[in-house]
4 protein chains.
Amino acid sequence: MPSRLPSAPRTGRPRSAAADAAILEATRAALVELGWSKLTLGDVASRAGVAKTTLYRRWAGKNELVVDAVAVLFDELELPDRGSLAADIEGVVLQFAAILDRPEAKTALMAVVAESTRDEPLRERIRTSIVERQKRLVLEGRSRAQARGELPLEKDPTAAARTADLIFDVVAGAVVHRALVSAQPVDEEWAARFTRLLVGGLAGD
Amino acid sequence: MPSRLPSAPRTGRPRSAAADAAILEATRAALVELGWSKLTLGDVASRAGVAKTTLYRRWAGKNELVVDAVAVLFDELELPDRGSLAADIEGVVLQFAAILDRPEAKTALMAVVAESTRDEPLRERIRTSIVERQKRLVLEGRSRAQARGELPLEKDPTAAARTADLIFDVVAGAVVHRALVSAQPVDEEWAARFTRLLVGGLAGD
Amino acid sequence: MPSRLPSAPRTGRPRSAAADAAILEATRAALVELGWSKLTLGDVASRAGVAKTTLYRRWAGKNELVVDAVAVLFDELELPDRGSLAADIEGVVLQFAAILDRPEAKTALMAVVAESTRDEPLRERIRTSIVERQKRLVLEGRSRAQARGELPLEKDPTAAARTADLIFDVVAGAVVHRALVSAQPVDEEWAARFTRLLVGGLAGD
Amino acid sequence: MPSRLPSAPRTGRPRSAAADAAILEATRAALVELGWSKLTLGDVASRAGVAKTTLYRRWAGKNELVVDAVAVLFDELELPDRGSLAADIEGVVLQFAAILDRPEAKTALMAVVAESTRDEPLRERIRTSIVERQKRLVLEGRSRAQARGELPLEKDPTAAARTADLIFDVVAGAVVHRALVSAQPVDEEWAARFTRLLVGGLAGD
DNA sequence: TGCTAACCGAGACGGTACGTCCCGTCTTGCG
DNA sequence: CGCAAGACGGGACGTACCGTCTCGGTTAGCA
């Protein structure tokens, strides 16, 4: 994930692959201990047993580093077939909440999004590294529900994409808001209530 | 909003009331120009024509100051009666989106929420200054819809409160996610689609 | 000695006078221990129990600081009346050599002169803080020798000044070269030989 | 001049002789442009079209490199017979001053001498590479003056050597001090005045 | 002619110091 | 006692060089 100009010159000592892993791991550990705002790149470097220059050679700054460090957490999300659309949604909501409960994700996610409001390249990085990758869950859940006959097939691909985006914003937004803003637990009871609301809306559509 | 111990001593020169307003205004201006992360208290003080000490005498730090500075923005939200539940929801969604479009709100809101994940008093301040005050919109919209017969009366007050919280998380979360994470416009078309989904879910409940 | 704009505004907390002394003393100590090239301003600051910013607020850099720290050493030079021109010269040569023997002077003097070859303001600072102040020794020695009848009175003040400058360059240059370049001891024997040469040249003039 | 262990193994690719010359030339160019303190070995290497490793393989550091780079400048000094001791001295003083006027010599000479106050091997290198080699001028000037009958023959070789050292320190020290510390021109007028003083002292001896 | 050892360029590496910025606190003198 | 001004001790920043260490590739001289 760290940046490198695409036209890779073959010359010189190659970058250490081990350093990358150590840095990202150290970043997550520092996020857990210190949180976003007290995390310093110097500290990350010394935790990773690496010089500050090595870190700056690969990432432009704290924001980019943290996005890379946290992105991998969200790849754990899966969508096992639980037999119904509602069950699938409940499952993914609870999984997502579990990730947001981890301190490194909680403190970092909102912070980088906040930074991204004034930094277009960062927003793009967040989108490609984190957000866009998880839309797969919506798409897979829908096609599975269509196969079950729970949802109608959509003929217009543009409208279908818009609906997927909408669902994604609703699900991700609601869970994040509940967990981080309202600071209330995303437990099975809440997940069930939310799912009933959402499935009802989809059905009535 | 600035803090003051309750047992206010009456002696000495009183604090300048004008200073408070100047500081909050300067804070918003600095947020627009610099964004959250590059805003410094020294800069705010000099913009406000005030000494740094004056500022620290009234607010504990950047977080608290910014919460106060942006809280007022959200009090602009109103819920004029547009004749139907769906129209009321669309209206508030668009108003909320308009506020989130303002750079001082955009950059500050997510940032203070991010900070609040590791700072319980800050979270409480955000809740009382911003979040909780806007729940009135949900409650008012519901009672109006019930008066219109669009929604049933709820007998159980606990369940009613839970539903209101859920709706609030869904609306606020979805709009914020659309605007700041997906970075897509919250326009009338999206508001209409979102409202249809939500009203459908509420009806089917 | 530290810099301050001449138009001193009277407002704000005044600078600590104690800090100045502590910094200059710490600088001399660091010169003794580390020498010029390994002296760091961060180290000086922490020796002086002072923040780096305090140091940078008062001196533009290492060069200026060291000039001020070392200048005082050369003010120790005196010219007690030893009864003859030759004895006076020998005395000041040995005193000068004693100062150059101190490690803080030895390592610093040449270094700041070297830097001054590319830094006109620094050269000026060296001249006013160190060099020019010691010309008094030449002038006093001459007038005393003239009073004794060892040297003729000079009528032309321009020529007199030129001669004083010449003597100063010869004495200071020869001692410095012997001590630092040739790295040979400036002992009584050498002082005597040098004095004989110089007095002979002056007499034959 | 670059270092090499005496027991040279004969195998492998030999070091490029061209690189040596390029490096020394690049060092002089960098001294002119940047001065001693801003000269970096990385910059010298890239100017010379050479890798940093190549440079470090041959010189221990900046000091040693610069001594070698400037030593050659002083070998230009000559002592053509100008017919009298005074004329010979004036000639060499002006030649020496001309070299000291070159920026690469000016900035480097004092700097390496300053460094040498804390680095005995460096002092030795300076002495053998630069200082000691120029004593030939004193010796040659004296023997020529003796041949002309301007100076007496000295019987005691020890005393003769001491006198030569003294003269060397006086001439070199005075010129350096005039040029670099006093920062006044070493022109014909000054050279004449200085020479008169020195010759007078020698004669009266 | 093919081996092989030392050379070469490039550039990443762990470090150290830089000079700047901002923090939150602490004197000042004035109102 | 509040206030503007600004110095204070402190900590992190991002950069520049240090001197060392791989890399892949070149260039002799000896076999």
Side-chain angles (χ1 to χ4, degrees), chain A residues 4 9-16 18-19 37-46 48-62, chain B residues 9-16 19 38-46 48-62, chain C residues 4 9-16 18-19 37-46 48-62, chain D residues 8-16 18-19 38-46 48-62:
Chain A
R4 192 72 192 265
R10 221 22 95 199
T11 174
R13 177 174 171 176
R15 290 189 179 167
S16 156
S37 60
K38 295 188 179 169
L39 176 150
T40 70
L41 295 203
D43 181 59
V44 168
S46 75
V50 142
K52 244 194 321 173
T53 42
T54 297
L55 209 152
Y56 278 105
R57 216 174 275 125
R58 302 174 188 213
W59 286 277
K62 184 163 145 172
Chain B
R10 284 281 168 249
T11 175
R13 175 171 171 180
R15 289 185 179 169
S16 157
K38 294 189 179 169
L39 176 149
T40 72
L41 294 201
D43 181 58
V44 168
S46 75
V50 140
K52 258 198 305 176
T53 35
T54 299
L55 209 150
Y56 277 106
R57 219 174 275 125
R58 303 175 190 208
W59 285 275
K62 183 163 147 173
Chain C
R4 190 75 191 263
R10 224 16 101 201
T11 175
R13 176 175 173 176
R15 289 188 179 167
S16 157
S37 61
K38 295 189 179 170
L39 176 150
T40 71
L41 294 202
D43 181 57
V44 168
S46 75
V50 142
K52 245 196 316 176
T53 42
T54 297
L55 210 151
Y56 278 106
R57 217 174 273 125
R58 302 174 188 213
W59 285 277
K62 184 163 147 173
Chain D
R10 284 281 167 250
T11 175
R13 177 175 171 177
R15 289 187 180 164
S16 156
K38 295 189 179 169
L39 176 149
T40 71
L41 294 202
D43 181 58
V44 168
S46 76
V50 142
K52 259 199 304 178
T53 36
T54 299
L55 208 151
Y56 277 106
R57 220 174 272 126
R58 303 176 190 209
W59 286 276
K62 182 163 148 172

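Just so it is clear, the model here is predicted, and its values are computed rather than measured. A note on names: the letters A, B, ... follow the listed sequences, proteins ahead of strands, and every chain is numbered from 1.
- A:L39 approaches A:K62 most closely through the heavy-atom pair O-NZ, 3.1 Å.
- The two atoms that bring C:V44 and C:L55 nearest to each other are CG1-CD1, 3.8 Å, heavy atoms only.
- Between the CZ atom of D:R57 and the P atom of E:dA5 there is a distance of 17 Å, rounded to whole Å.
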Output one line per pair: protein atom, nucleotide atom from nucleotides 2-4 of chain E, and distance, for all N/O pairs under 3.5 Å.
none

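- Partners of A:A48 by side chain to side chain contact (heavy atoms under 4.5 Å, CB included), not counting sequence neighbours, listed by chain and number: A:A22, A:I23, A:A26, A:V50.
- Residue D:T40 is the one, among A:R13 and D:T40, whose nearest nucleotide of DNA chain F lies closer to the 5' end (criterion: closest heavy atom).
- Nucleotide F:dC17 holds its C1' atom 11 Å from the CG atom of D:D43, rounded to whole Å.
- In this structure, D:R58 places its CZ atom 13 Å from C1' of E:dG9, rounding to the nearest Å.
- Residue D:R15 places none of its side-chain N or O atoms closer than 4.0 Å to OP1 or OP2 of E:dA6.
- Here the C1' atom of nucleotide F:dG9 and the CG atom of C:L41 are 17 Å apart, to the nearest Å.
- Remark: C1' of F:dA12 and NZ of A:K38 are 14 Å apart, rounded to the nearest angstrom.
- Not counting sequence neighbours, the partners of C:T53 by the side chain to side chain contact (heavy atoms under 4.5 Å, CB included) test are C:A51, C:R57.
- Closest-nucleotide positions on DNA chain E for D:A48 and B:G61 were compared, and the one nearer the 5' end corresponds to D:A48.
- A search for side chain to side chain contact (heavy atoms under 4.5 Å, CB included) contacts involving A:S16 returns A:A18, A:A19, A:R58, not counting sequence neighbours.
- Over its full length, the helix from E:dT1-F:dA31 to E:dG31-F:dC1 turns its helical axis through 10°, comparing axes from the five pairs at each end and rounding to 10°.
- Contacts between residues 49-56 of chain A and DNA chain E, defined by a heavy-atom separation under 4.0 Å, are made by A:G49, A:V50, A:A51, A:T53, A:T54.
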